[in-house]
Amino acid sequence: MPTSPPPRTPGTRGGCFAVLDPATGEAFDEAPDQQPGELDVIVGRAHAAWRSWRADSAARTIALLAAADAVEKAGTDLAPLLTREQGKPLAESYAEVARTAARLRYFAELDPETQPISDDRPVRSEIRWRPLGPVAAIVPWNFPLQLASAKFAPALAAGNTMVLKPSPFTPLATRLLATVLSTALPPDVLTIVTGREPLGARLASHPGIRHVTFTGSVPTGRAVARAAAASLARVTLELGGNDAAILLEDVEVERIADRLFWAAFRNCGQVCMAVKRLYAPARLYAQVVEALAQRAKTVVVGSGLDPDSQLGPVSNAPQLARVERCTARALADGARAVAGGHRLDRPGYFFAPTILADVPPDSPVVTREQFGPVLPVLPYVSLDEAIEAANDTGFGLGGSVWGTDLDRAEAVAGRLECGTAWINHHAETSLAQPFAGIKDSGVGVAGGPWGLYGNLSPFVVHRPVDVCG
């Protein structure tokens with residue numbers, strides 16, 4: 001998952017920090033460098049706003065639907081700014097804006113259900129649902145708006161308020177989004193804070209926060225959980241993955257090669273549930289490697305603002321350095337770069353789309369999450385061997401199986417140790433489905449009704465059946 005932010009950027013002035021364009025490596029704007037001491041007032045206002053926000057579910061629905069409309073109308077401002085600070089192609093930024101609006105609409109119309117309890121006692125009992133209070137959200141840089149909305153849409157729909165901190169690498173589009181949303185939401189229902197550490201740590205440990213939701217790396221997730229434990233706040237942690245794709249013997253390589261390539265390389269590989277390891281039958285191994293290498297060599301890499309670009313830069317300098325180290329280690333371990341394998345000789349944080357063959361299975365590019373435009377392809381002899389290798393990781397976010405016999409592919413998918421398994425595609429999700437990992441990939445559930453209930457607390461009411469009860 002995303003790396004931690006770097007030390008202060010040269011040229012940062014007091015009260016603000018520079019925001020860099022990953023296509024050039026140069027600063028193009030700045031954001032407020034808010035300090036931990038400011039959080040007492042901000043969280044206090046969020047708590048005050050919660051009193052009225054939680055009281056009227058019909059008003060919340062109206063406000064959230066209006067917020068979705070406002071986001072759509074602001075797309076021509078939001079998407080270019082998102083591309084400028086994050087690097088992804090402009091079409092993908094527009095898709096992220098659309099997903100943000102869609103998520104607001106989905107949760108606006110999702111109501112928790114009062115549930116009767118039948119237990120043969122002479123009382124009428126039911127479970128109702130109450131919001132938690134102010135929620136803290138800490139969001140990474142790979143999908144700033146989409147992941148922010150995955151947190152604030154269910155939290156606000158449930159009747160909570162939120163204080164949200166975006167990554168210091170990508171604060172600008174989120175700040176603009178907050179301005180857009182303020183036209184539809186009451187004051188202090190959603191507050192964006194920007195700054196460098198220890199702002200996030202202080203937010204996670206703030207005694208006025210009742211739920212902390214975080215997306216990022218496993219080490220930072222553990223730190224967030226420790227911080228939230230100080231006030232016994234609920235935590236939801238989405239901590240990335242090392243998703244494996246298994247190709248079966250009956251797979252039609254050319255038919256699936258494009259889908260497979262983009263399952264690994266969309267957003268320059270900076271997707272928590274991207275394909276990060278590929279296991280191919282030994283008989284098909286050379287064909288699979290060549291098909292993917294051909295696509296890696298011909299994909300257009302450039303600034304996300306260039307309409308011809310299919311892949312943008314790596315989003316920031318620390319992540320580029322990580323990708324370089326991971327690839328260099330694999331090559332030193334004996335892997336072959338059939339395509340790419342190096343940084344591109346141009347300004348910005350560009351790395352050539354890389355297909356690695358003959359990779360030792362214990363190389364870090366296989367065992368860890370590289371989170372960049374690099375895909376190791378590994379051969380297998382027996383299917384059991386491939387499944388065992390796919391499951392031999394501390395992560396458990398997603399996985400996929402590819403083949404023409406769908407029943408067999410589904411049976412194999414059922415043996416994967418992960419939260420979501422796909423057949424003949426990967427990393428495609430619905431707003432209505434739960435999103436959760438196992439093992440080190442996270443705690444709690446996002447998405448669908450589960451995401452709504454994760455922001456609510458059950459409240460049980462017992463009433464006698466008659467006045468004398």
Side-chain angles (χ1 to χ4, degrees), residues 34 38-74 100-101 103-115 126-139 145 148-166 174-194 202-213 228 231-236 446 449 451-461:
Q34 292 175 266
E38 300 176 51
L39 291 175
D40 288 345
V41 172
I42 291 169
V43 174
R45 288 175 177 170
H47 191 275
W50 176 53
R51 295 190 182 98
S52 56
W53 179 250
R54 68 182 176 179
D56 191 339
S57 61
R60 291 200 301 271
T61 297
I62 293 170
L64 292 173
L65 291 174
D69 291 341
V71 170
E72 282 189 338
K73 291 176 182 176
T100 298
R103 187 171 271 112
L104 280 163
R105 288 199 180 94
Y106 174 82
F107 282 104
E109 298 175 342
L110 200 62
D111 291 322
E113 296 182 2
T114 298
Q115 301 167 355
E126 63 183 19
I127 304 171
R128 303 172 187 175
W129 297 92
R130 285 180 165 176
L132 303 173
V135 176
I138 302 173
V139 179
L145 303 187
S149 67
K151 299 181 186 304
F152 67 65
L156 300 188
N160 304 292
T161 54
M162 176 170 280
V163 180
L164 185 146
K165 179 189 174 296
T174 309
R175 281 174 51 80
L176 178 57
L177 176 65
T179 300
V180 171
L181 294 173
S182 69
T183 64
L185 301 178
D188 302 317
V189 165
L190 174 64
T191 305
I192 307 300
V193 295
T194 60
R202 174 58 177 156
L203 178 60
S205 65
H206 197 283
I209 294 295
R210 301 314 312 146
H211 178 200
V212 181
T213 172
S231 59
L232 298 180
R234 183 180 300 185
V235 294
T236 302
L452 181 71
Y453 285 102
N455 285 280
L456 292 164
S457 179
F459 173 55
V460 181
V461 176

Apply the test side-chain hydrogen bond (donor to acceptor under 3.5 Å, both in side chains) to residues Ser149 and Arg103: give CA-CA distance (whole Å), side-chain angles for both, the deciding distance (0.1 Å), then the verdict.
-> CA-CA 7 Å; Ser149 67; Arg103 187 171 271 112; 3.3 Å; yes
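- In this structure the side chain of Phe152 reaches within 4.5 angstrom of the side chain of Leu181, judged on heavy atoms.
- Inter-residue side-chain proximity for Pro112 and Leu452 is flagged as met; some heavy-atom pair is nearer than 4.5 Å.
- The structure places CG of Leu156 at 8.0 Å from CG of Leu104, a figure rounded to the nearest 0.5 Å.
- Counting heavy atoms from C-beta outward, Leu145 and Val139 have side chains that stay 4.5 Å or more apart.
- Proximity of Arg128 to Val461: side-chain heavy atoms (C-beta onward) are separated by under 4.5 Å at one or more points.
- One finds the CD1 atom of Ile192 at 6.5 Å from the CG atom of Leu177 (value rounded to the nearest 0.5 Å).
- Across every non-hydrogen atom of Ala158 and Pro131, the tightest pair is O-CB, 3.3 Å.
- The main-chain N or O of Thr161 is never found under 3.5 Å from a side-chain atom of Trp53 such that the two would form a donor-acceptor pair.
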Step by step, work out the side-chain hydrogen bond (donor to acceptor under 3.5 Å, both in side chains) result for His206 and Ser231.
-> CA-CA 7 Å; His206 197 283; Ser231 59; over 6 Å; no
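- Counting heavy-atom neighbours within 6.0 Å of Arg234 CZ, excluding the residue itself, gives a total above 12.
- Atoms NZ and CE, from Lys151 and Met162 in turn, are 7.5 Å apart once rounded to the nearest 0.5 Å.
- Heavy atoms only, all atoms of each residue included: Asn455 and Leu132 are closest at O-CG, 3.5 Å.
- When side chains are defined from C-beta on, Arg105 counts as touching Glu72, because their heavy atoms get closer than 4.5 Å.
- For Phe459 and Trp129, the gap between ring centers reaches or exceeds 6.0 Å.
- Asp40 has a carboxylate O that lies under 4.0 Å from a charged side-chain N of Arg202, or vice versa, which qualifies the two as a salt bridge.
- Taking all atoms of both residues into account, the shortest heavy-atom contact from Arg60 to Arg54 is NH1-O, 3.0 Å.
- Remark: the backbone N or O of Val135 is not paired with any side-chain donor or acceptor of Asn160 at under 3.5 angstrom.
- Nearest approach of Leu110 to Pro449, heavy atoms of both residues: CD2-CA, 3.8 Å.
- Interatomic distance, OG of Ser457 versus CZ of Arg210, reported as 10.0 Å (0.5 Å rounding).
- Annotation: side chain of Ile42 is in contact with side chain of Val193 (closest heavy-atom distance under 4.5 Å).
- At distances below 3.5 Å, at least one donor-acceptor pair connects side-chain atoms of Thr61 with backbone N or O atoms of Ala108.
- Thr183 contributes no side-chain N or O that, together with a main-chain N or O of Thr179, makes up a donor-acceptor pair within less than 3.5 Å.
- The minimum heavy-atom distance linking Val212 with Ala204 is given by the pair CG2-O, 3.6 Å.
- A donor-acceptor distance shorter than 3.5 angstrom exists from the side chain of Gln34 to the backbone of Thr194, with no hydrogens or angles considered.
- We find the CD1-CD distance between Ile127 and Gln115 to be 5.0 Å, quoted to the nearest 0.5 Å.
- The shortest heavy-atom contact between Ala101 and Ala68 is O-CB, 3.5 Å.
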